[in-house]
Amino acid sequence: MLDISFIRENREQVEKAITNKGEKDTSVVEKVLSADEEWRAKVHEGDLLRSESNTKSGKIGQLMSQGKKEEAQEIIKETSAMKEQIKEIEEEVKKLRIERDNLLLRIPNVPHPSVPVGVTEEDNEIFKTWGTPNESEWRKPHWELTERHGWVDFERGVKVTGAGFPFYVGGVAQLQRALINYFINEAAKAGYIEMQAPYFVNEDSARGTGQIPDKEDMMYEIPRDGFFNIPTAEVPVTNYHRDEILENKDIPKKYVCHTPCWRREAGSYGKDVRGLNRLHQFDKVELVKIVRPEDSYDELESLREHAEGLLEALELSYRTLLMCTGDMGFTQSKKYDLEVWSPGQKRWLEVSSCSNFESFQARRMQLRYRKDEKEIEILHTLNGSGLALPRVVSALLEAYQEENGKVRIPEVLKPFIGREYL
RNA sequence: GGAGAGGUGGCUGAGUGGCUGAAAGCGCUCCCCUGCUAAGGGAGUAUACCUCCAACGAGGUAUCGAGGGUUCGAAUCCCUCCCUCUCCGCCA
């Protein structure tokens, strides 16, 4: 959610942001401004009336205690008349407020000036490439390897739950656990506080990070209890400090959290979802930062570098994309995607997405800090995967396979597994 | 899940219809006093929104778990929900 006064003062910039993010109709800005004006006028009208009524009610109290019942009766008549009017205005205020806020929630975050303007993924900028994508023909896709070794059981996953909920068995289960440990350890070294979070969140939390409204279809729901399964640890971890005013000395906050993630992924099919490429449940280690506004872009770079460092330590070739305005999503102001090279599939797989939300999420969730004695300011939030597990696993299996079908264990993971081959 | 108790400011805790945005204490900030230090005195110390102002600032409204209701007027009375605690049940 953008600041309404920011929209008031930077109307053209906001309209341009909407266009650049791929929405043709910018009339929502016009609408939100006029709704806001209407709302403010009504609020003022109500405030004045209530003030008058409060004064009169006070007088009634005085008169009553002095025993002047008749005089009091006079005023009671007056205030009774006002009562209905106040109620009416209050209802209108409420209606206008909801109207304004609904419009406000439909305005996307404004992209940072450094973000390339574009429409589709074609327009994303290749920010950097690390390593050389291995093109050798003999390398098999990971699903052949996992099948041969019995490492991932898709069929029984279907039987027990449904498509997209595989079992990991033996080597790959071990590998995933090793990766999770490695990722968390690295984050801890970099100053992130390790956290374990709930796997369900309530509606307020889903709204806080921007999953609702509009993106509730991505989440699994537990309607009986009013919960959503988390689609990413971003949701519980960022909401951890929702509705709080943090002390200046406690900023920045940096958290690392491993959770399973559930996503309905409606409408996807074909080779995109083959093997481990796209699942309904997957594990991810997530990095979340809550920082001072003036630091957020530096923090985005260090977040990206941290995630890149993990792939480098695993010696997996990757590239980093700077997402263009049209491909970056509603809530972000700047976003990098990290894509690892999958030598068996000969394609890039997204394994991390590092974003700065500026104050967009923090404003929704009233996440603030005391800047000094006089001022309280909205914080900036960021998050990035560090990293998403299944695609790292597939790239790893494919990259570390040998022609005889065996899979070597990367150097940095050996301490966790304790042998040469998986 | 059943029975009972309760949710007030950064914390502790008063407050059962008007003078309570809220006593008192603690904490914190600033000032004063004091050379003897686990001392004393004073002032200040919630958040959001609206209006006015070039600005410093001034004024108003709302908020005592959340939402609704009663009333001229609600922290205080009524209803619903959420949460916490105690006992019982269940349980990794």
Side-chain angles (χ1 to χ4, degrees), chain A residues 1-9 32-105 196-208 212 222-228 236 239-251 253 260 359 361-379:
Chain A
M1 185 167 77
L2 291 175
D3 183 3
I4 183 72
S5 58
F6 175 85
I7 300 175
R8 245 181 260 150
E9 285 154 30
V32 81
L33 287 175
S34 72
D36 179 55
E37 210 157 303
E38 248 186 281
W39 170 75
R40 269 155 49 204
K42 208 39 111 178
V43 164
H44 193 223
E45 192 184 337
D47 280 359
L48 289 178
L49 204 61
R50 218 177 291 111
S51 168
E52 196 185 333
S53 152
N54 284 345
T55 311
K56 287 188 171 168
S57 289
K59 250 180 230 157
I60 293 168
Q62 279 182 339
L63 292 171
M64 288 294 223
S65 61
Q66 291 164 13
K68 296 177 182 167
K69 278 210 168 158
E70 270 141 51
E71 282 176 57
Q73 274 308 321
E74 282 301 303
I75 304 179
I76 287 176
K77 257 185 222 160
E78 289 173 36
T79 44
S80 309
M82 294 173 78
K83 198 183 161 186
E84 201 148 310
Q85 208 184 340
I86 290 172
K87 206 168 169 184
E88 248 169 58
I89 291 175
E90 270 173 359
E91 261 158 44
E92 279 176 73
V93 165
K94 202 167 159 188
K95 212 182 83 196
L96 289 167
R97 175 78 197 238
I98 291 169
E99 207 177 300
R100 188 198 78 166
D101 286 351
N102 283 341
L103 289 164
L104 206 49
L105 287 174
Q196 293 178 340
Y199 297 164
F200 305 154
V201 293
N202 59 31
E203 211 177 289
D204 285 341
S205 298
R207 191 174 298 106
I212 51 177
I222 302 167
R224 182 167 169 179
D225 298 291
F227 297 144
F228 295 95
N239 274 283
Y240 182 65
H241 291 294
R242 171 155 53 81
D243 292 319
E244 291 183 20
I245 299 173
L246 302 175
E247 292 304 324
N248 198 341
K249 65 175 164 56
D250 297 331
I251 310 296
K253 293 273 188 192
S359 59
Q361 293 182 326
R363 184 169 298 103
R364 281 191 195 203
M365 61 176 96
Q366 286 298 295
L367 168 48
R368 297 162 293 171
Y369 80 111
R370 200 174 296 280
K371 193 174 181 183
D372 50 54
E373 292 105 43
K374 299 200 85 173
E375 206 180 340
I376 285 169
E377 193 172 36
I378 308 264
L379 286 156

Show which side-chain atoms of residues 81-95 of chain A pair as donor or acceptor with protein atoms under 3.5 Å away, not counting sequence neighbours.
residue : atom : partner : partner atom : Å
A/Glu90 : OE2  : A/Arg50 : NE           : 3.3
A/Glu90 : OE2  : A/Arg50 : NH2          : 3.3
A/Glu92 : OE1  : A/Lys42 : NZ           : 3.3

| said: With a 3.5 Å limit on both atom pairs, tell me what B/U71 is paired to, counting Watson-Crick and G-U wobble, or say none. | reply: none
| said: Please tell me if A/Arg40 has a side-chain N or O lying less than 4.0 Å from either OP1 or OP2 of B/U51. | reply: yes
| Taking only residues two or more places apart in sequence or in another chain, which ones pass salt bridge (Lys or Arg N to Asp or Glu O under 4.0 Å) with A/Glu203? | A/Arg207
| query | Rounded to whole angstroms, how far apart are CD on A/Gln366 and C1' on B/A46? | reply | 14 Å
| query | Are any of A/Lys59's side-chain N or O atoms less than 4.0 Å away from OP1 or OP2 of B/C72? | reply | no
| request: Assign each of A/Ser53 and A/Trp39 to its nearest nucleotide of RNA chain B by heavy atoms, then name whichever residue's nucleotide is nearer the 5' end. | output: A/Trp39
| query | For A/Lys83 and B/U71, is the shortest distance between a side-chain N/O and OP1 or OP2 below 4.0 Å? | reply | yes
| query | What is the base-pairing partner of B/G59, counting Watson-Crick and G-U wobble geometry with both distances under 3.5 Å? | reply | B/C50
| Taking the same atom, C1', in B/A58 and in B/A5, what whole-Å distance lies between them? | 46 Å
| query | Partner of B/G27 by Watson-Crick or G-U wobble geometry, both contacts under 3.5 Å, or none? | reply | B/U45
| task | Write down the distance separating the C1' atoms in B/C53 and B/G7, rounded off to the nearest Å. | result | 42 Å
| said: Taking B/A62 as the reference, what is the distance to B/G68 when you measure between their P atoms (whole Å, please)? | reply: 15 Å
| task | Determine the Euclidean distance between corresponding P atoms of B/C83 and B/C28; express it in Å to zero decimal places. | result | 35 Å
| task | Any salt bridge (Lys or Arg N to Asp or Glu O under 4.0 Å) involving residues 59-69 of chain A? Give me the pairs, sequence neighbours left out, ordered by first then second residue. | result | none
| said: Return the pairing partner of B/C33 with a 3.5 Å limit on both distances, Watson-Crick or G-U wobble; otherwise return none. | reply: none
| task | Between B/A43 and B/G25, how far apart are the P atoms? Round to whole Å, please. | result | 12 Å
| field | All side chain to side chain donor-acceptor pair (under 3.5 Å) counterparts of A/Glu244, not counting sequence neighbours | value | A/His241
| message | If you count heavy atoms of other groups shown closer than 6.0 angstrom to CD of A/Glu375, is the number above 12? | response | yes
| With both distances kept under 3.5 Å, what pairs with B/A5, Watson-Crick or G-U wobble? | B/U84
Can you pull every protein N or O that's under 3.5 Å from an N or O on nucleotides 16-18 of chain B?
residue : atom : partner : partner atom : Å
B/G18   : N2   : A/Ser57 : O            : 2.9

| message | Going by purine N1 to pyrimidine N3 plus the second Watson-Crick contact, or the G-U wobble pair, all under 3.5 Å, which nucleotide sits opposite B/C91? | response | none
| task | Could you run through nucleotides 59-66 of chain B and give me one letter per nucleotide, 5' to 3': B if any protein heavy atom sits under 4.0 Å from the base, S if only the sugar-phosphate is that close, - if neither? | result | -BSS----
| field | Which residues share a ring pair (Phe, Tyr, Trp, His ring centres under 6.0 Å) with A/Phe200, sequence neighbours left out | value | none
| Partner of B/A22 by Watson-Crick or G-U wobble geometry, both contacts under 3.5 Å, or none? | none
| field | Sequence-distant partners of A/Ala206, side chain to side chain contact (heavy atoms under 4.5 Å, CB included), two or more places apart | value | A/Gln211, A/Ile212, A/Met219, A/Phe228
| Qualifying residues under ring pair (Phe, Tyr, Trp, His ring centres under 6.0 Å), relative to A/Tyr199, sequence neighbours excluded | A/Trp262
